[in-house]
Amino acid sequence: MTATDEALRLRLDIAYDGTDFHGWARQSDGEDGTPTRTVQGTIEAALTTVLRVPVELTVAGRTDAGVHASGQVAHVDIPRSSLDQRSLDSDPERLVRRMAKLLPDDVAILRVTEVPSLFDARFSALSRSYVYRITTHPAGALPTRARDTATWRRPVDIEAMQAVADMFVGLHDFAAFCKAKPHATTVREVLGMRWVEASTSEEPELYEAHVTADAFCWNMVRALVATCLQVGDGTRELGWVAPLLGESRRNPQVALAPAKGLTLTHVAYPDPHHYGVRAETTRARRA
């Protein structure tokens, strides 16, 4: 980008089936030189091809291998001239059709919009919401939903699971439920967690966990869901849960629900004139 070329920040709304990706974050190639397939790497390669400038995405929340998204958000900075030079007439929305021709079937750019330079997909976010789908039916998931629905092999009590979920709501240190990252806080505020029986004639014994928090640490949602399931199927007592919220490191007794059942569904942001303030506040808190 030249000194005279105006910088343009774009917001990308993204969906993907995470089954065949090694998570969101770009990774180095494998030992045999085979490229590691990630969502970030796939989108950046397609954008670079379209715009003919190197790009780097900043994402609202990095998802693990096998985790899906219907409401992921990322931002990218590009020179405005790159749109004009690619016959996009300075209209970012035209990138949607152009990207659809290059991206594989398991990832899509749903919308592209110009945003103020103070917008930060990660730090300006107010909250992230996930839905976890799981079935306890002996036949397992409906074949047409097998890629986004996990299976739990024991029947569960949804009221017991909701009792556990209620304990997670609020500001807590979730160290017992998170895979540790050096020098990173595990304090998070869960704004809501509810279990819904979503069974139909085609999908009996189907349950959904709807979870919203200001942010999530590594593996946190899958650990919260598994804890609810462990109490719900009688493996653990309800009294086992509360002490976990007082622990300072990952508890090996806390299981992880399978990644395939988890989907990032929504990222909430403040009004545009609050983007910068929110980003500063979040950075300070994470530090």
K.L.:
A side-chain contact here means heavy atoms from C-beta on lying under 4.5 Å apart; do Q162 and R194 qualify?
P.N.:
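Answer yes - side chains close enough.
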
K.L.:
If I compare all heavy atoms of P116 with all of Y275, which pair ends up nearest, and what's the gap?
P.N.:
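For P116 and Y275, the tightest heavy-atom pair comes out as CD-CE1, 3.8 Å.
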
K.L.:
Please determine whether residues V55 and I14 belong to a single hydrophobic cluster, defined as Ile, Leu, Val, Met, Phe, Trp and Tyr linked transitively by side-chain heavy-atom distances below 4.5 Å.
P.N.:
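They do share one cluster, since a chain of ILVMFWY contacts under 4.5 Å joins V55 to I14.
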
K.L.:
Which heavy atom in S70 sits nearest to a heavy atom in A15, and how many Å separate them?
P.N.:
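For S70 and A15, the tightest heavy-atom pair comes out as CA-CB, 4.0 Å.
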
K.L.:
Using modelled atom types and a 3.5 Å cut-off, is there a donor and acceptor pairing between side-chain atoms of T185 and backbone atoms of V187?
P.N.:
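Indeed, once roles are kept as given, a pair shorter than 3.5 Å links the two residues.
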
K.L.:
Give the intermediate values and the outcome of salt bridge (Lys or Arg N to Asp or Glu O under 4.0 Å) for residues R37 and D106.
P.N.:
CA-CA 12 Å; R37 191 170 187 257; D106 51 1; 2.9 Å; yes

K.L.:
Begin with the C-alpha distance, continue with both residues' side-chain angles, and end with the deciding distance and a verdict on side chain to side chain contact (heavy atoms under 4.5 Å, CB included) for V59 and Q40.
P.N.:
CA-CA 9 Å; V59 73; Q40 181 182 10; over 6 Å; no

K.L.:
Verify the distance criterion only: is there a donor paired with an acceptor across the side chains of Q72 and W24 at less than 3.5 Å?
P.N.:
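No.
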
K.L.:
Kindly indicate whether the side chain of M99, heavy atoms from C-beta on, has any atom under 4.5 Å from the side chain of L12.
P.N.:
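M99 does not reach L12 side chain to side chain.
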
K.L.:
If we only count heavy atoms from C-beta on, is the P92 to R11 side-chain gap below 4.5 Å?
P.N.:
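The answer is no; the side chains never approach within 4.5 Å.
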
K.L.:
What closest approach, in Å, do Y16 and V67 show between heavy atoms, and which atom pair accounts for it?
P.N.:
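Scanning both residues, the minimum pair turns out to be CE1-O, 3.6 Å.
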
K.L.:
Answer with yes or no whether the hydrophobic clustering places L238 together with W152; edges join I, L, V, M, F, W, Y residues whose side-chain heavy atoms lie under 4.5 Å apart.
P.N.:
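Yes; W152 is reachable from L238 via cluster members.
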
K.L.:
How about W218: does its CH2 atom have over 12 heavy atoms from other parts shown lying under 6.0 Å from it?
P.N.:
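For W218, atom CH2 is not crowded (no more than 12 foreign heavy atoms under 6.0 Å).
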
K.L.:
I'd like to check R9 versus T58 (side-chain heavy atoms, cut-off strictly below 4.5 Å). Are they in contact?
P.N.:
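When only atoms from C-beta onward are counted, T58 and R9 do not touch, as no gap falls below 4.5 Å.
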
K.L.:
Quick check: do F168 and V211 have side-chain heavy atoms less than 4.5 Å from each other?
P.N.:
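Heavy-atom side-chain distance check fails, nothing below 4.5 Å.
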
K.L.:
Side chains of Y207 and L229, heavy atoms from C-beta outward: is any pair under 4.5 Å?
P.N.:
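Not touching, per the 4.5 Å side-chain cut-off.
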
K.L.:
F216 and T212: which non-hydrogen atoms are nearest, and at how many Å?
P.N.:
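Smallest heavy-atom distance, with atoms named: CZ-C, 4.0 Å.
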
K.L.:
Do K179 and R222 have side chains that approach each other closer than 4.5 Å (heavy atoms only, starting at C-beta)?
P.N.:
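A side-chain contact under 4.5 Å is absent here.
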
K.L.:
Tell me whether Y130 is reachable from L256 by hopping between hydrophobic residues (I, L, V, M, F, W, Y) whose side-chain heavy atoms are closer than 4.5 Å.
P.N.:
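The answer is no; the residues belong to distinct hydrophobic clusters.
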
K.L.:
Report, as yes or no, whether the 6.0 Å neighbourhood of atom CZ on R26 holds more than 12 heavy atoms from other residues, nucleotides or ligands.
P.N.:
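Above 12, so yes.
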
K.L.:
Return the NE2 to OG distance between H266 and S127, rounded to the nearest 0.5 Å.
P.N.:
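Nearest 0.5 Å value for the NE2-OG distance: 6.0 Å.
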
K.L.:
Within this structure, what is the CG-CG distance for the pair N251 and L244, rounded to the nearest 0.5 Å?
P.N.:
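Answer for the CG-CG pair, N251 versus L244, is 5.5 Å.
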
K.L.:
Can you hop from L57 to L83 via hydrophobic side chains spaced under 4.5 Å?
P.N.:
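L57 clusters together with L83.
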
K.L.:
Can you check whether G71's main-chain N or O pairs, donor with acceptor, with T265's side chain at less than 3.5 Å?
P.N.:
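No; judged by distance alone, with no hydrogens or angles, the pair does not exist.
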
K.L.:
Taking all atoms of both residues into account, what is the closest heavy-atom pair of H137 and R153, and its distance?
P.N.:
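Scanning both residues, the minimum pair turns out to be O-NH1, 4.5 Å.
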
K.L.:
Output, in order, the C-alpha distance, side-chain angles, deciding distance and verdict of side chain to side chain contact (heavy atoms under 4.5 Å, CB included) for C217 and R188.
P.N.:
CA-CA 8 Å; C217 46; R188 297 289 189 272; 3.8 Å; yes

K.L.:
Take I43 and I109 through the test side chain to side chain contact (heavy atoms under 4.5 Å, CB included) and record every step on the way to the result.
P.N.:
CA-CA 9 Å; I43 296 174; I109 306 300; 4.0 Å; yes

K.L.:
Donor-acceptor pair, K260 side chain versus T19 backbone, under 3.5 Å?
P.N.:
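No; judged by distance alone, with no hydrogens or angles, the pair does not exist.
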
K.L.:
Do V225 and W195 have side chains that approach each other closer than 4.5 Å (heavy atoms only, starting at C-beta)?
P.N.:
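Yes, side chains in contact.
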
K.L.:
Would you say the side-chain atoms of R111 pair up with the backbone N or O of E93, donor to acceptor, closer than 3.5 Å?
P.N.:
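No; judged by distance alone, with no hydrogens or angles, the pair does not exist.
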
K.L.:
Can you tell me how far apart CZ (R128) and CG (D214) are? Round to the nearest 0.5 Å.
P.N.:
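One finds 7.5 Å between CZ of R128 and CG of D214.
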
K.L.:
Provide the closest heavy-atom pair for P204 versus S199 in the form atom of the first, atom of the second, distance.
P.N.:
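So the two residues come closest at C-OG, 3.9 Å.
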
K.L.:
Under a plain distance cut-off of 3.5 Å, with no hydrogens placed, do T235 and Q230 share a side-chain donor-acceptor pair?
P.N.:
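No, because no side-chain N or O of Q230 sits under 3.5 Å from a partner of the opposite role on T235.
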
K.L.:
Shared ILVMFWY cluster between V196 and V131, side chains joined below 4.5 angstrom?
P.N.:
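No: no chain of side-chain contacts under 4.5 Å links V196 to V131.
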
K.L.:
If I take atom CZ from residue R283 and atom CZ from residue R122, how far apart are they, to the nearest 0.5 angstrom?
P.N.:
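These two atoms lie 8.5 Å from each other.
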
K.L.:
Which distance, rounded to the nearest 0.5 Å, do you find between the CG of L126 and the OG1 of T282?
P.N.:
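Taking CG in L126 and OG1 in T282, the distance rounds to 8.0 Å.
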
K.L.:
Carefully, step by step, assess E208 and T263 under the rule side chain to side chain contact (heavy atoms under 4.5 Å, CB included).
P.N.:
CA-CA 11 Å; E208 291 181 352; T263 300; over 6 Å; no

K.L.:
Sub-3.5 Å donor-acceptor pair from the side chain of E197 to the main-chain atoms of I158, do we have one?
P.N.:
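Pair absent, no side-chain N/O of E197 close to backbone of I158.
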
K.L.:
Hey, could you give me the OG/NE2 distance between S124 and H75, rounded to the nearest 0.5 Å?
P.N.:
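Rounded to the nearest 0.5 Å, the OG-NE2 separation comes out at 8.5 Å.
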
